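Inspection log for the structure reproduced underneath, given as structure tokens.
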Amino acid sequence: MMEQNDHQQRRAANQEFEQSLNQLEGILHDENLAENEATQAEEITDAELVDELGDIDLAAFEDAVADIEQYLQEKTK
């Protein structure tokens, strides 16, 4: 019974980790799009660039990093 519980916990942790990676991938993809658009525009100002990059969901990024850190800590126990 204990092994089944450990397996379920690992499965849940793995799912959370996968979700975090997907969130991180989405954030990085959005950031890359913003950077590509910025380099294509010849006369973009710093203020416009800040506006573009300001749309990145920092909270989601931080959550993804926290989930990854937690996963790695649990993995090394």
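No experiment lies behind these values; they were computed from the predicted model shown.
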Completion exercise
In this structure, CD of Glu62 is separated from CD of Glu69 (nearest 0.5 Å) by 10.5 Å
Practice task
Using side-chain contact (heavy atoms from CB on, under 4.5 Å) as the criterion, list what pairs up with Leu21, not counting sequence neighbours.
Solution key: Phe17, Ile68
Handout entry: Test item: Arg10 and His7 side chains (from C-beta on) under 4.5 Å apart, heavy atoms
Key = yes
Exercise for the section: Please collect all side-chain hydrogen bond (donor to acceptor under 3.5 Å, both in side chains) contacts where either partner lies in residues 14-28, sequence neighbours excluded, each pair once. Expected result: Ser20-Asp67
